[in-house]
Amino acid sequence: MTTYLVTGGAGFIGSNFVRHLLTSEPDCRVVNLDKLTYAGNLGNLADLAENTRYRFVEGDICDRDLLEVLFTKEQFSAVVHFAAESHVDRSIHGPAEFIQTNIIGTFALLETARKYFESGQNQNFRFLHVSTDEVYGSLGETGLFSETTPYDPHSPYSASKASSDHLVSAYFHTYGLPTLMTNCSNNYGPYQFPEKLIPLIINNALQGKELPVYGDGKNVRDWLYVVDHCQAILTVLKSGRLGETYNVGGNSEKQNIEVVHTICDILDEVASPLPDNSSRRSLIRFVTDRPGHDRRYAIDASKIKNELGWEPTVDFSGGIRETVEWYLTNPEWVEAILSGSYRDYYDKMYKDR
Ligand code: NAD
Ligand code: DAU
């Protein structure tokens, strides 16, 4: 039986991936190693609690002893490495955790995987590192990030992810560890923590709160529905060439203000009206910009399309509607987060903006 180690599987993309994997491969087992930071939420996988092919382990990827015990016991066929500190704004206010988990944690995982692979316990072992397009820096009005675009990270988050990418690449070239890497654009969909633009705007707009848009709102992101990302990762894991990087994107560039307008308009249509009957667009506030705010990201995903046949299947207009509906129909999930430490985070981040 194939046994996968998924790190960070209680987070947004990781939890979608664990579900996708168990559904796509009826014979596999999945071990989810997650530290349950503020972003990790067992509620994301509540439906799998009784699944005998799924095991959750609460733990830190920096804990080498734990990693060794897990590799020896579970004899993993592959590692899919999501665990990370993932929010740019938090990295600006407190970079230390990003260095610890994203760099030291990835190093710990690579070292354990190397020992395991070199001991010959599994010759078909694979290590897939999930990374981001932010490592490439910022684009002007034109152009796309390809796999050969030079790295130029601008935030502590993207610098820590760039560093982890280099380590993964070094382990392939130096030790022959069978690695694969994906660098993906902005994801959206169910279970995304409401510190990120799309769920933050949905939740604030539902509550009639201000909608903070950084700077002039014209920064561009390339949006990909999370399940399409999960499928891309699985495709690379199954058929990608070892040592290679594959860029993953949605062919869906949007200015932030466009995204915010779209969410407001959907909510005006499907949710209860605001008390004064005004459009939710009236809640928009342009606020102080993020320091070092990258202007535009856009992905050239032709390599994964031409080599492996992967393409996004969900377009933004359908995906954003589904996402808004998911938040509307899962108020308990949202409430559990909004009533916790998120409130302090929000006050600290937005009060004086
Ligand atoms: P997330 O913040 O929602 O989840 C991260 C998960 O990692 C959480 O469950 C958290 O508890 C866990 N974690 C954090 N530190 C840990 C540690 N030391 N040990 C074990 N677990 C730990 O993140 P996400 O948005 O799901 O992103 C997942 C991965 O995908 C990250 O590596 C991120 O860089 C990458 N990525 C994200 C996007 C995006 O748009 N969200 C796009 C491209 C790539
Ligand atoms: O590109 C991939 C990356 O996308 C991932 O690697 C990161 O983990 C993920 O967080 C995301 O990074 P961004 O910084 O692009 O995502 P965020 O949702 O934080 O912001 C999206 C855009 O919206 C960005 O231009 C900043 C802006 N923004 C964000 C927030 C939270 C606002 O205007 N207002 C906000 O309140």
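This one's a predicted model, so the numbers in the text were calculated from it and none came from an experiment. Both counts, for ligands and for their atoms, begin at 1 and track the order of listing.
- In terms of protein heavy atoms, atom 8 (C) of ligand 1 is closest to D34 OD2, 3.5 Å.
- Within the 4.0 Å heavy-atom criterion, the part of S131 lying near ligand 1 is the backbone and not the side chain.
- Of the listed residues (V259, L197, N186, V220), the one carrying the non-hydrogen atom nearest atom 16 (O) of ligand 2 is N186.
- Below 3.5 Å of separation, one finds an N or O of S86 facing an N or O of ligand 2.
- Between Y116 and F76, the ring centre distance reaches or exceeds 6.0 Å.
- With I233, I104, L42, T101 as candidates, the residue nearest to atom 15 (N) of ligand 1 on a non-hydrogen basis is T101.
- Listed by number with element, the atoms of ligand 1 under 4.0 Å from a non-hydrogen atom of K161 are 31 (C), 32 (O), 33 (C), 34 (O).
- Aromatic ring centroids of F193 and Y342 lie under 6.0 Å apart.
- Of the candidates L224, I198, D133, it is D133 that places a heavy atom closest to atom 1 (O) of ligand 2.
- No side-chain donor from either of K303 and T245 sits under 3.5 Å from a side-chain acceptor of the other.
- Close approach of ligand 1 to V130 is summarised as follows: ligand atoms under 4.0 Å from at least one heavy atom of the residue are 30 (O), 32 (O).
- Of all the heavy atoms of D133, none lies under 4.0 Å from any atom of ligand 1, so neither backbone nor side chain is involved.
- For atom 34 (N) of ligand 2, the candidate residues are S185, P212, G217, G11; the nearest heavy-atom contact is made by P212.
- Looking at T106 and H81, their side chains do bring a donor and an acceptor atom within 3.5 Å of each other.
- Ring centroid separation for the pair W326 and Y191 comes in under the 6.0 Å cut-off.
- The protein non-hydrogen atom at the shortest distance from atom 31 (C) of ligand 1 is F82 O, 3.2 Å.
- When only non-hydrogen protein atoms are considered, atom 33 (C) of ligand 1 lies nearest to Y157 OH, 3.5 Å.
- Here E269 pairs with R321 in a salt bridge; the nearest charged N to carboxylate O distance falls below 4.0 Å.
- There is a side-chain donor-acceptor pair under 3.5 Å between E195 and Y38.
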